[in-house]
Amino acid sequence: MKTALKALFSTNPTLNFNSYCKRCGSLLKNFSDKGLVTEGTALHCHLLKQGIFSEKFVAIKLLIMYLDFRQLAEANQIVKEFNGFNLVVQNCLINANIQWGSLSEARKLFEEMPERNEVTWTMLISGLMKYGRVQESMWYFEMNPFKNVVSWTAGISGLLKHGLSFHGLKLFIRLLESGVKPNQVTFTAVISACIETGDFELGMSVLGLIVKTGFEANVSVCNSLITFCLRMREFDMARRVFNRMDTRDVVSWTAILDIYVEMGNLGEARRIFDEMPERNEISWSAIIARYSQSGDHLEASKLFRRMVQEGFKPTISCFSRILSTLASLENLRAGRNIHAHIKKIGIQGDVFISSSLVDLYCKCRDTENGRLVFNSIENKNVVSWNSMLGGYCMNGQMDEAKYLFDNMPTRNNVSWGAIIGGYVEHKQYDKVFEVFNVMLLSGESPTKQTFSSVLSACASVASLEKGRDIHGKILKQGFHYDVYLGTALTDMYAKSGDIESSKQVFDRMPERNEFSWTVMIQGLAESGLAKESLSLFGEMERSSSVAPNELMLLAVLFACSHCGLVDKGLEFFGEMESVYGVRPKGRHYTCVVDMLSRSGRLYEAEELINSMPFQPEANALAALLSGCKTYKNEEIAERTARKLGELAERNSAGFVLLSNIYASAGRWVDVSNVRKLMREKGLKKSGGCSWVEVRNHAYSFYSEDGTHSKSAEIYDILELLQSEMMAL
DNA sequence: CTGGTTTTCA
């Protein structure tokens, strides 16, 4: 900009006066757009020196610039130089007041004007529309004596912006009837109305009109046509429009880029992006958003870095997008940098930005900083509250979550879903049902995700009654079994012991993914239908394209273990890597060790543990110990126990088992040694837990004393019952 | 000279 100014100062003497003024004018407009106050003032001084400041064209640009900068003293100075009433100057003043949101001042100026032109009217109409005052705007529209294309378009697009597509289109019809010719701007606006209403037929007839009036070559019209085709999923037509254009701008390229993304071809979209003749911050945002959406957060953040390096200013949406990408990458360091930048340019107050920031800190497990950002949001909306709520939930701070939830000004089904999901995630199942019931009572409709969460809670507490109830509610809501809901139902029925219903749901699912198969295979195995489980696995291999994953193979091993098909299980285990390409994890070894130990093949089990390429799970050793107990093999038990002792794993189950084995062998000294060891390591026997349901509330009881608020009374009653039983 | 339109997004 500085160089442009210099070039102008050392001006070309051959430049004539008019083009000189024009160049000054466009420079001033440029300064005004980019907020370059110093440069603008400097040019003003220069013009004063040259004595051409009162030239009307230049003066108007100067006035607009000073109004833009809100330098009212200078602006007033220029107004004075026009000596009284000037229509264009008054128009500029009205426009400035509209920009500043002083609508009453703008209207006062409008009313006081001795004469008005079509621009005056149009400005007021579009100004009122801009602030959502549709009724008043339409009133002025009807009063307007100069209904030209621009004011028609202003009225139409104003209605469209406020979701009144139908009224907008009706106004468009009136425009056609009035005899005024619509132009390219009108058509672009009307096409976006067709996009809004999703009316393909109407769009096509507008297209006919466009062709008839000869606007089909206009860039803006074609751009909106491409978007129209995109929304109607007419990808071929979109490409035809694009290919036919003889001039394309950055908007056209960005629009066609999105066509390929929608067609699921991100690679082709990227190729277009790389080959675009020109890019702007919106095209950058678009491609970054698409990478982020498709889960390639690394590429998204790489592109963001390139975008900034190439000097593009990210838009607000781009910032919030990249923040959520960094949140997924849990890249707190980069996130903090961007946070600092956001503060510097002063957009931290934006609800989308601040909610993304809350999410970023929480996903990086820094709920404290998340809370600080949350507290700083002035106009919190549901999304901001939900981000903070979700943050507490994902970090298991359920007390904070509940407190926040109880104090939210408004809740939507996302909020309910978040807190319910949090309780499920952190195994507080009694709370899940409690909150879910309140949710239903409040009249909020659960989403599919919330239903899935609650179903998994039912599965975990094996509450068939509740599960059936939820199933009924799902049907009532009219949700059909999609993959997620169907899988959750299958799992719930299987875990609650109703394997028949489980199979029924599974059979009716229109689509199954690897989780669905896993759940069913595991469900059958755990219900003692191990043979059926294995044959279902066979069916899956034959009939679907789903590849067995780690979890599913675990279920298969489990099935073999539970129907005593030890050799079959060993065969599967051997094939895991070679046939299915899944490297056995600790859990798989544990399962096989368990299988061998249960059938008394203790030496093989021990050998398998010794052959493991990594540390065995404590559970594997525990399983072997358990086998030793059953088959009375103290020799292996001794060795295994030693290994378990060496294992630094904080797993108390193994120790408990160990002490039980010693106890059953009557080796009380060893028992007390193990207990001592546990105390030294700070391990506690994880308490058993039981619960009863009374009127939709689950009451939990833990094996440690005194954890229940009414344990004293409960024990009193137990004692009473006991003494009555003795009396019998 | 001053006014109306199109592309990304939560």
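Below, read A as the first sequence line, B as the second, and so on, with proteins coming before strands; counting in each chain starts at 1.
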What is the separation between atom [atom1] on [X] and atom [atom2] on [N], rounded to the nearest whole Å?
X	N	atom1	atom2	result
A:L323	B:dC9	CG	P	17 Å
A:F312	B:dT7	CZ	P	19 Å
A:F146	B:dG3	CZ	P	17 Å
A:Q99	B:dG4	CD	P	8 Å
A:F82	B:dC1	CZ	C1'	8 Å
A:W121	B:dT2	CH2	P	22 Å
A:W152	B:dT5	CH2	P	17 Å
A:L171	B:dT5	CG	P	14 Å

Inset, instruction - Report the distance from atom CG of A:L103 to atom CD1 of A:I98, rounding to the nearest 0.5 Å. - result: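 Answer for the CG-CD1 pair, A:L103 versus A:I98, is 6.5 Å.
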
Legend entry - Atom CD of A:E310 with >12 non-hydrogen neighbours under 6.0 angstrom: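 Count over threshold, so yes.
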
Inset, instruction - Please check if atom CD in A:Q135 has more than 12 non-hydrogen atoms from other residues, nucleotides or ligands closer than 6.0 Å. - result: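 Incorrect, the count does not exceed 12.
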
May I ask you to say what [X] touches in the nucleic acid, namely base, sugar-phosphate or nothing, with a heavy-atom cut-off under 4.0 Å?
X	result
A:K29	nothing
A:I64	sugar-phosphate
A:E281	nothing
A:N117	base

When you get a sec, tell me which of [options] is the closest nucleotide to the side chain of [X]?
X	options	value
A:R321	B:dA10, B:dT5, B:dG4	B:dA10
A:V150	B:dG4, B:dT2, B:dT8	B:dG4
A:A286	B:dT8, B:dT2, B:dA10	B:dT8
A:S224	B:dG4, B:dC1, B:dT6	B:dT6
A:V251	B:dC1, B:dT6, B:dT5	B:dT6
A:C92	B:dT5, B:dG3, B:dT2	B:dT2
A:V88	B:dG4, B:dG3, B:dC1	B:dC1

Legend entry - Base B:dT5 to side chain A:T188, donor-acceptor N/O within 3.5 Å cut-off: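 Present.
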
Inset, instruction - Confirm from the modelled atom types if A:N183 and B:dG4 form a donor-acceptor pair under 3.5 Å, side chain to base only. - result: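 By the distance-only test, yes, there is a pair.
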
Just N and O in the side chain of [X]: are any of them under 4.0 Å from OP1 or OP2 of [N]?
X	N	value
A:R290	B:dC9	yes
A:K130	B:dG4	no
A:Q293	B:dA10	yes

Legend entry - Ring centers of A:F141, A:W121 separated by less than 6.0 Å: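 Here the rings of A:W121 and A:F141 have centres that are no less than 6.0 Å from each other.
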
Inset, instruction - Answer yes if the ring centres of A:F172 and A:W152 are under 6.0 angstrom apart, and no otherwise. - result: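 Ring centroids of A:F172 and A:W152 are no less than 6.0 Å from each other.
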
Legend entry - Electrostatic pair A:D274-A:R270, nearest N-O below 4.0 angstrom: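 Between A:R270 and A:D274 there is a salt bridge, with a charged N closer than 4.0 Å to a carboxylate O.
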
